[in-house]
Amino acid sequence: MPELPEVETIRRGLTSLVVGKTVTYVTVRLPRIIRFPSVPEFEERLVGRTIHAIHRRGKYLVFDMEPFTMISHLRMEGQYRVADRDEPLASHTHVIFGMSDGTELRYRDVRQFGTMDALADDEERPSGLVNLGPEPFDPVLTPNVFYTRLHSRSAPIKSVLLDQVCIAGLGNIYVDEALFLSGIHPLTKASRIGQGRCELLLGAIRNVLSRAIEAGGSSVRTYVNGYGRHGGFQMQLNVYARQGQPCFVCGQAIEKIKLGGRGTHFCPHCQARGGRRRNDN
DNA sequence: CATGGGTCCTGAGTGC
DNA sequence: TGCACTCAGGACCCAT
C-alpha cells in the first residue's frame, strides 16, 4: 500500500533509473489500467517522448514527458521496475514502456487497482489530483491552517486524515502511526480536537513521514521500490499490524477495530478517548 | 455538502 | 488435502 513515503522512494529511484531516457514503444497488456485517453491514444502520445522529470503529488507519480504528462497512481500494489528487454516478464505486468537504451520500464500490479493518464497541458487533471489537499510538508500548511481544516469536519479524525482532500499522501499505515504519536484516539471527532493537539498531530504526521522516507518506506505487504528493494520502516511501526502485542510505551495490548471499512490500530491507554496525553499516567 | 457503505481485484490466510 | 470463506485497502460512486 504505497503511501507518501513509498511513492517518494519510488520517485527517487525512478528518477535515477529513467529520467533522460526516451520512450520508443508502449505496450498496454491490461486496458483497465489506462483511464485517459483511449489505450491507442495513450500509447501514441507517449512514444517518442523523453522523461524529463518525475514529480510526486500526494500519492500520485507525475512523469514530465513534455508536451504530455503521464500521471500514475499505484493504489494498493502497483510496482515499477526497470529490466532489460529480453528479461522474462514478471506475472501481472500490465504496462511496458520501451526505452531508447534497450531497457523497459515495467508496471506490475497484482490487484489491478492502479491507474494511468496521459494528459496534454490544457486537459483537465483527474479529479482526485485536482481536489488534492495540501502536501504535509508544504509550509503553507501551518498548524493554524491545519486546525481550520479539521475543525469543519465532524467525522472521526482517522477518516478525515485518510481523505486526500484534507491533507494529501496519508494512508492507513501512517494515519494510525501519527495518531499514536500524538495520543489521539482514532474515533475522536476531528472538530473536537483543539488547536494545541492539532499542532501536535501535524508535527507527528511530519515526523513519521520523514522518518519513513529516510527508511525507504514500509514493506508491510508487497511494496518494493524501483530497484525491487524493500523498505525498512516496518521495523519502526508502533501500532500498525501490532494488534495484541504490547505497546512500546505503556505495555498495554494494541487493539484493532474496523473504522470506515479500514483496519485501525491504536493503544487503548496512550490514545484514550477524551484526549488523555500519551505520557499521562 | 458531508458522510458512510459498497465496489473493484487477487493472493494469502483461516477454519472445517 | 481441499475447499469455501474472509481479509487486505485507495479512490471512486452513490444513497442518505
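What's counted below: heavy atoms across the whole structure, side chains too, no hydrogens, waters or symmetry copies. By convention in this document, chain letters (A, B, ...) are assigned in the order of the sequence lines, proteins followed by strands, and residues within each chain are numbered from 1.
- With salt bridges taken as basic N to acidic carboxylate O contacts below 4.0 Å, one links A:E135 and A:R57.
- Side-chain N/O atoms of A:Q112 include none lying less than 4.0 angstrom from OP1 or OP2 on B:dC8.
- End-to-end axis angle for the helix from B:dA2-C:dT16 to B:dC16-C:dG2, using five pairs per end and rounding to 10°, comes out at 50°.
- Under the 3.5 Å distance criterion, with hydrogens and angles disregarded, no donor-acceptor pair is assigned to the side chains of A:Y60 and A:Q164.
- When hydrophobic clusters are built by joining Ile, Leu, Val, Met, Phe, Trp and Tyr residues whose side-chain heavy atoms come closer than 4.5 Å, directly or via intermediates, A:F68 is not grouped with A:L129.
- Under the 3.5 Å distance criterion, with hydrogens and angles disregarded, no donor-acceptor pair is assigned to the side chains of A:S72 and A:Y107.
- The distance between atom CG of A:D109 and atom C1' of B:dT10, rounded to the nearest whole Å, is 10 Å.
- Of the residues near DNA chain B, A:S159 and A:V110, the one whose nearest nucleotide (by heavy atom distance) lies more toward the 5' end is A:S159.
- Distance, A:H92 NE2 to B:dA12 P: 9 Å, rounded to whole Å.
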**Study point:** nucleotides 10-16 of chain C: protein proximity per nucleotide (B base, S sugar-phosphate only, - neither; heavy atom, under 4.0 Å)
**Key:** BBS----
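- Atom-to-atom, CD of A:E77 to P of C:dA8 comes out at 13 Å; the value is rounded to the nearest Å.
- Formation of a donor-acceptor pair under 3.5 Å by the A:E3 side chain with backbone atoms of A:V175 is not found in this model.
- Under 4.0 angstrom from either OP1 or OP2 of C:dG9 there lies no side-chain N or O belonging to A:Y174.
- For residues 155-183 of chain A, every residue pair satisfying the salt bridge (charged side-chain N to carboxylate O under 4.0 Å, His left out) rule, not counting sequence neighbours, is listed here: A:R153-A:D163, A:K158-A:D176.
- Judged as a salt bridge (Lys or Arg N to Asp or Glu O under 4.0 Å), and not counting sequence neighbours, the contacts of A:E41 are A:R45.
- Listed pair A:K258 / C:dA8 meets the phosphate criterion, a side-chain N or O lying under 4.0 Å from OP1 or OP2.
- Listed by chain and number, the residues in a salt bridge (Lys or Arg N to Asp or Glu O under 4.0 Å) with A:R262 amount to none (sequence neighbours excluded).
- Between the CG atom of A:D163 and the C1' atom of B:dG4 there is a distance of 12 Å, rounded to whole Å.
- Counting heavy atoms from C-beta on, the side chains of A:I71 and A:M116 never come closer than 4.5 Å.
- Within residues 148-158 of chain A, the residues that place at least one heavy atom under 4.0 Å from DNA chain B are, in residue-number order, A:R153, A:S154, A:A155, A:P156.
- A:I184 is not connected to A:I257 by any chain of hydrophobic side-chain contacts under 4.5 Å among Ile, Leu, Val, Met, Phe, Trp and Tyr, and they are in different clusters.
- In this entry the distance linking NZ of A:K256 with P of C:dT6 reads 15 Å, nearest Å.
- At a threshold of 4.0 Å, the pair A:R211-A:E214 does not count as salt-bridged, since none of the basic side-chain nitrogens sits closer than that to a carboxylate oxygen.
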